[in-house]
Amino acid sequence: MSKFKVVVTDFEYSTFVPEQEVLDELGIELQFEQCKTEDELIAACHDADALLNQYAQITRNVIENLPNCKIISRYGIGFNNVDLEAANEKGIIVSNVTDYCLDEVSDHAMALLLDSVRKITKLNNAVKSGTWDFKKAAPIYRLRGSTLGLVGFGNIPQVLSQKAQAFGINVVAYDPFVPSEVAEEHSVELVSLDELCERSDYVSIHLPLNKKTEKIISHDQFEKMKEEAFIINTARGPVIDEKALIEALQEGKIAGAGLDVVEKEPIEQTNPLLEMDNVVLNPHAAFYSAEAEAELKRKAAENVADVLSGYFPTYIVNKEVKEKLDLQEK
């Protein structure tokens with residue numbers, strides 16, 4: 001029996017071969033759960049040394065009932081479902097995988113942009129319903145010479161900027177945490193959020209979800225956007241004020257939206273977005289490819305293996321916790 005207990009709190013995966021290949025070296029067998037509530041998490045994980053987590057909410061109450069836990073390793077980039085403050089107080093590392101789906105998400109954002117602008121889905125639906133008429137999509141405007149505004153300029157939007165520029169699109173970005181030299185390296189102009197909304201023909205969201213970013217795109221931002229503008233979101237749904245988005249679409253303040261994420265997932269069948277033919281909706285799929293999933297699972301497991309072997313992992317969200325821990329740098 002392994003001296004370590006590692007629990008997968010919840011999952012949508014059909015295989016765990018990548019994780020097991022990593023953890024076999026430590027003699028660890030994973031325990032698989034499908035926890036939906038705090039009580040279920042506490043019951044399953046109270047004596048765990050590490051958690052592999054997908055969507056389950058790791059709240060303060062859960063964390064305070066994890067006396068042995070050394071690391072919560074997320075399957076993903078975002079970490080808004082883990083209470084970081086509580087983890088810091090408890091001396092628990094929270095890790096993610098920041099570089100596993102850069103091409104997938106940037107490709108998906110570009111695909112949603114192209115679909116929205118060229119109105120591919122709208123024309124497809126018209127043809128399948130018996131209408132053969134390109135004017136059903138009018139007006140369509142040329143991509144070359146247009147402007148894409150990136151809200152956030154981390155790894156994924158940096159990759160996206162190169163793909164957009166290949167279409168002849170000018171790129172501006174809003175990110176107060178990115179040095180100007182980084183933007184210059186990508187031939188991207190850093191601007192304020194207001195200026196981005198005013199200048200952009202397309203706005204693409206690339207922010208993590210936290211208290212500062214929640215509903216950062218709301219009524220004021222939609223008022224500043226062009227009537228011909230499309231908004232794309234492959235980040236987190238609540239970064240956009242969905243009520244404000246619906247009103248902006250209904251009132252014609254913007255032209256449309258391409259959304260891989262919404263405020264409440266799965267989307268409720270009463271959501272007005274489902275009835276809008278200028279809105280393209282996907283089921284939070286931008287991250288996915290067979291290769292990306294395997295990479296994510298392996299790296300999430302490596303984070304766990306590093307900590308249980310006495311090392312700091314490659315990816316640490318809450319770096320401030322390091323001073324509390326007696327681990328070595330790899």
Side-chain angles (χ1 to χ4, degrees), residues 76-80 96-118 141-214 216-218 220-226 228-236 239-240 254 257-258 260-261 286-287 292 295 299 314-320:
I77 297 173
F79 46 86
N80 52 288
N96 59 353
V97 183
T98 59
D99 58 0
Y100 84 98
C101 59
L102 305 187
D103 270 319
E104 284 75 9
V105 178
S106 58
D107 285 348
H108 209 92
M110 196 68 210
L112 287 171
L113 189 158
L114 291 169
D115 189 314
S116 298
V117 175
R118 296 299 308 173
Y141 298 103
R142 181 177 293 165
L143 282 163
R144 185 169 298 278
S146 61
T147 298
L148 167 64
L150 301 172
V151 183
F153 198 59
N155 292 333
I156 289 170
Q158 286 174 26
V159 175
L160 175 58
S161 69
Q162 299 168 357
K163 295 173 181 179
Q165 287 161 351
F167 283 86
I169 299 172
N170 303 312
V171 183
V172 300
Y174 164 72
D175 195 324
F177 302 103
V178 169
S180 58
E181 312 88 74
V182 173
E184 290 170 4
E185 288 172 8
H186 291 83
S187 300
V188 170
E189 180 184 357
L190 288 178
V191 297
S192 68
L193 182 57
D194 283 351
E195 185 177 351
L196 181 145
C197 292
E198 291 166 357
R199 289 175 53 183
S200 298
D201 299 289
Y202 331 116
V203 174
S204 188
I205 308 300
H206 300 279
L207 293 173
L209 177 62
N210 55 48
K211 292 177 182 178
K212 291 183 179 180
T213 63
E214 186 172 4
I216 193 173
I217 305 298
S218 191
D220 288 348
Q221 287 68 46
F222 291 121
E223 290 287 347
K224 291 180 173 65
M225 291 182 194
K226 300 176 182 180
E228 302 83 11
F230 290 89
I231 189 163
I232 309 299
N233 191 4
T234 52
R236 289 291 185 270
V239 173
I240 298 177
I254 63 172
D260 185 54
V261 290
F287 68 92
E295 181 182 4
K299 288 183 174 180
T314 300
Y315 309 91
I316 304 179
V317 174
N318 54 338
K319 292 183 173 62
E320 57 271 34

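- Side-chain atoms of Gln221 come within 3.5 Å of backbone N or O of Ser218 as a donor-acceptor pair.
- In this structure, Glu181 has no side-chain hydrogen bond (donor to acceptor under 3.5 Å, both in side chains) partners at least two apart in sequence or on a different chain.
- Going from atom CG of Asp194 over to atom NZ of Lys224 covers 4.5 Å, rounded to the nearest 0.5 Å.
- In this structure, CG on Asn170 lies 8.5 Å from CD on Gln165, to the nearest 0.5 angstrom.
- Atom CD1 of residue Ile169 and atom OG of residue Ser200 lie 11.0 Å apart, to the nearest 0.5 angstrom.
- The shortest non-hydrogen separation linking Gly76 to Asn96 is O-CB, 3.2 Å.
- Contact check for Phe222 versus Val203: no side-chain heavy atoms found under the 4.5 Å cut-off.
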*In sequence, state the C-alpha distance, the side-chain angles, and the governing distance for Leu160 and His206, and then conclude on side chain to side chain contact (heavy atoms under 4.5 Å, CB included).*
CA-CA 10 Å; Leu160 175 58; His206 300 279; 3.4 Å; yes

Mind listing the side-chain donor-acceptor pairs of residues 106-115 below 3.5 Å, one per line with the distance, residues two or more places apart or on another chain?
residue	atom	partner	partner atom	Å
Ser106	OG	Leu102	O	2.6
Ser106	OG	Asp103	O	3.2
Ser106	OG	Lys163	NZ	2.8
Asp107	OD1	Lys163	NZ	2.5
His108	NE2	Asn282	OD1	2.8
Asp115	OD1	Thr121	N	3.2
Asp115	OD1	Thr121	OG1	3.2
Asp115	OD2	Thr121	OG1	2.7

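- Of all heavy-atom pairs spanning Val261 and Ala235, the tightest one is CG1-O, 3.6 Å.
- The main-chain N or O of Ala286 is found under 3.5 Å from a side-chain atom of Asp260 such that the two form a donor-acceptor pair.
- Side-chain polar atoms of Lys299 and Tyr100 form no donor-acceptor pair below 3.5 angstrom.
- Taking CG of Asn233 as the reference point, atom CD1 of Ile240 lies at 4.0 Å (rounded to 0.5 Å).
- At least one side-chain heavy atom of Ile77 sits under 4.5 Å from a side-chain heavy atom of Ile156.
- Rounded to the nearest 0.5 angstrom, Ile231 CD1 and Ile205 CD1 are separated by 4.5 Å.
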*Going through the distances and angles, do Leu193 and Ile216 end up as a side chain to side chain contact (heavy atoms under 4.5 Å, CB included)?*
CA-CA 10 Å; Leu193 182 57; Ile216 193 173; 4.0 Å; yes

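- Taken from CE in Met225 to CG in Asp220, the straight-line distance is 11.0 Å, to the nearest 0.5 Å.
- Applying the ring pair (Phe, Tyr, Trp, His ring centres under 6.0 Å) definition to pairs two or more places apart or across chains, those involving residues 167-191 are Phe153-His186.
- Glu295 approaches Asp99 most closely through the heavy-atom pair OE2-O, 3.9 Å.
- Residues Arg236 and Leu207 fail the side-chain proximity criterion, which asks for heavy atoms closer than 4.5 Å.
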